[in-house]
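Just follow the structure's listing: the first ligand is 1, and inside any ligand the first atom is 1.
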Amino acid sequence: MSSERRSNEDMIGRADIDDIDAILAITNTDVDEIVHAVEANSEAIFTWDYERTRAALSKLYEKAKTSQWNANDLPWDTPVNQVDVVEANRLQNEAIFRGFDLTGTPVESWGEDEWMRHSIESQNWTLSQFLHGEQGALICTAQIVETVPWIDAKYYAATQVVDEARHVEVFARYLDTKLSGHYPINAHLKMLLDEIIADSRWDMTYLGMQIMVEGLALAAFGFIHQMTTEPLLKQLLRYVMSDEARHVAFGVISLQEFYSQLSTAEIRERQEFAFEAAVRMRDRFLQQEVWERLGVDVREMIEVNLNAPDRPIFQAMLFSKIVPNCKKLGLLDAADGWLRDRFTELGVIQFEDWVDTSEEYTTLDEVARDRASAA
Ligand SMILES: [Fe+2]
Ligand SMILES: [Fe+2]
């Protein structure tokens with residue numbers, strides 16, 4: 001790998017981050033496919049060193065073993081009226097567009113009915129993407145079991161595989177029994193997951209999944225958990241978050257050790273990968289498939305979204321875990337603060353001093369709290 005500086009074009013396929021035509025050129029071309037194969041280029045690594053030398057990973061592993069929960073124990077008999085739920089959740093959906101002059105846009109004439117339909121589709125879309133992302137986590141973490149050379153990390157990753165199976169299970173069940181439709185995987189999310197899986201370097205799996213994708217998921221779940229009034233979804237998200245906090249901690253703890261021995265050029269490659277992942281995730285939240293399904297001009301609506309006054313607050317919030325974790329890993333300031341500059345351009349640098357996620361799992365463990373209060 002050369003340490004030559006790569007351009008935006010090289011890293012994300014376009015010079016301008018907000019180039020709408022380039023964003024929309026990435027589409028899911030095979031929405032009817034049932035299986036999707038990705039070539040993994042990594043080696044499966046045995047280690048004969050069974051010594052338990054990594055105390056922080058050991059602690060995490062012990063915690064994971066006692067914090068398992070059963071998806072069947074969630075209150076699935078809770079009746080869910082999606083119209084009532086999204087009514088109460090307006091904040092998450094079209095509120096981003098409210099208080100903004102929509103004259104001349106495709107939604108100019110929208111009334112309550114159209115916005116309600118948008119809110120419902122937006123919820124179906126959001127939960128569908130969580131579902132697909134969870135399967136990505138399942139596959140990436142199974143890959144880490146194979147590729148990471150440390151026994152303590154293999155042990156821990158094995159518990160995460162079980163966690164992710166449970167997450168896929170609960171989101172699939174919620175979508176099937178409580179909501180009103182599925183969406184195929186968003187093209188930007190798919191592209192990112194494919195790249196993470198295809199990368200031969202085991203630490204890149206961690207950076208792409210545990211730090212970037214799961215860091216964003218933890219923030220997004222937290223936001224929806226706080227906002228939703230639907231008790232089943234609230235508990236489901238709270239339990240998933242108890243697990244996700246450990247997963248992100250797994251990434252931070254493992255990469256802290258590994259990065260300490262990398263060269264500047266190698267760190268720079270990690271910075272570029274973090275930037276690319278951030279852009280893909282920003283693009284995915286533009287929800288292009290929702291506008292398509294609603295039959296309005298996608299390009300125009302993405303343009304409205306990119307210029308909406310409240311959008312930066314909502315989308316920036318999604319990065320509130322990623323940025324402090326990247327800082328803790330030394331990725332913000334290495335190579336003359338290259339990633340700091342990129343995160344500044346994306347409008348998310350303000351989170352750099354928020355709490356990082358290496359210890360948060362001890363306070364987010366709702367499962368342990370519920371067990372203690374039941375005992
Ligand atoms: Fe998960
Ligand atoms: Fe996870």
Side-chain angles (χ1 to χ4, degrees), residues 57 60-61 63-74 126-148 153-175 185-186 189-190 192-193 196-197 202-225 232-255 277 280-281 284 318-322 325 356-368:
L57 289 180
L60 203 58
Y61 177 51
K63 183 80 186 157
K65 286 190 286 183
T66 56
S67 299
Q68 294 294 311
W69 48 279
N70 187 340
N72 292 334
D73 294 339
L74 290 176
T126 300
L127 275 283
S128 294
Q129 301 315 321
F130 288 163
L131 169 68
H132 303 310
E134 292 293 352
Q135 187 181 175
L138 174 66
I139 289 175
C140 283
T141 310
Q143 195 176 33
I144 288 176
V145 172
E146 293 190 339
T147 58
V148 69
K154 286 183 188 292
Y155 289 168
Y156 178 75
T159 69
Q160 186 177 336
V161 172
V162 183
D163 293 348
E164 302 302 359
R166 182 168 57 238
H167 299 174
V168 176
E169 183 189 355
V170 295
F171 282 114
R173 186 163 171 186
Y174 193 84
L175 271 155
I185 188 166
N186 168 272
L189 176 61
K190 185 182 187 186
L192 175 59
L193 293 176
I196 296 170
I197 292 162
W202 62 263
D203 71 289
M204 289 297 206
T205 321
Y206 272 103
L207 176 60
M209 181 48 65
Q210 271 76 6
I211 301 299
M212 303 301 294
V213 175
E214 298 192 284
L216 183 136
L218 187 56
F221 295 162
F223 183 74
I224 297 175
H225 166 263
L232 169 60
L233 185 61
K234 213 176 181 67
Q235 189 177 346
L236 183 160
L237 288 173
R238 197 58 188 78
Y239 271 37
V240 170
M241 285 170 69
S242 300
D243 297 339
E244 294 304 344
R246 282 195 305 277
H247 305 167
V248 181
F250 178 46
V252 175
I253 293 166
S254 303
L255 292 184
R280 300 286 175 234
M281 293 193 296
R284 105 170 167 78
L318 295 169
F319 289 83
S320 60
K321 306 285 181 187
I322 290 174
N325 288 329
D356 70 72
T357 316
S358 57
E359 285 288 342
E360 213 182 3
Y361 70 93
T362 54
T363 55
L364 278 179
D365 193 350
E366 185 89 349
V367 180

Less than 2.8 Å away from the Fe ion (ligand 1), how many protein N/O/S atoms can be counted, ignoring water?
4

Taking Arg166 first and then Asp243, would you say they form a salt bridge - that is, a charged N and a carboxylate O separated by under 4.0 Å?
yes

Charged N to carboxylate O under 4.0 angstrom, Glu146 versus Lys154?
no

For the backbone of Leu74 and the side chain of Gln235, can you confirm whether one donor and one acceptor N or O come within less than 3.5 Å of each other?
no

Backbone of Ala64 reached by a side-chain donor or acceptor of Ser67 within 3.5 Å
no

Check the angle between the aromatic planes of Phe250 and Tyr156 and answer parallel, tilted or perpendicular using the 30° and 60° thresholds.
tilted

Which atom pairs, one a donor and one an acceptor, fall under 3.5 Å between side chains of residues 203-216 and the rest of the protein, sequence neighbours left out?
{"unit_1": "Asp203", "atom_1": "OD1", "unit_2": "Arg270", "atom_2": "NH2", "d": "2.9"}
{"unit_1": "Asp203", "atom_1": "OD2", "unit_2": "Arg270", "atom_2": "NE", "d": "2.8"}
{"unit_1": "Asp203", "atom_1": "OD2", "unit_2": "Arg270", "atom_2": "NH2", "d": "3.3"}
{"unit_1": "Thr205", "atom_1": "OG1", "unit_2": "Trp202", "atom_2": "O", "d": "3.3"}
{"unit_1": "Tyr206", "atom_1": "OH", "unit_2": "Ser254", "atom_2": "OG", "d": "3.2"}
{"unit_1": "Gln210", "atom_1": "NE2", "unit_2": "Gln160", "atom_2": "OE1", "d": "3.1"}
{"unit_1": "Glu214", "atom_1": "OE1", "unit_2": "Gln160", "atom_2": "NE2", "d": "3.3"}
{"unit_1": "Glu214", "atom_1": "OE2", "unit_2": "Gln160", "atom_2": "NE2", "d": "3.2"}
{"unit_1": "Glu214", "atom_1": "OE2", "unit_2": "His247", "atom_2": "ND1", "d": "3.2"}

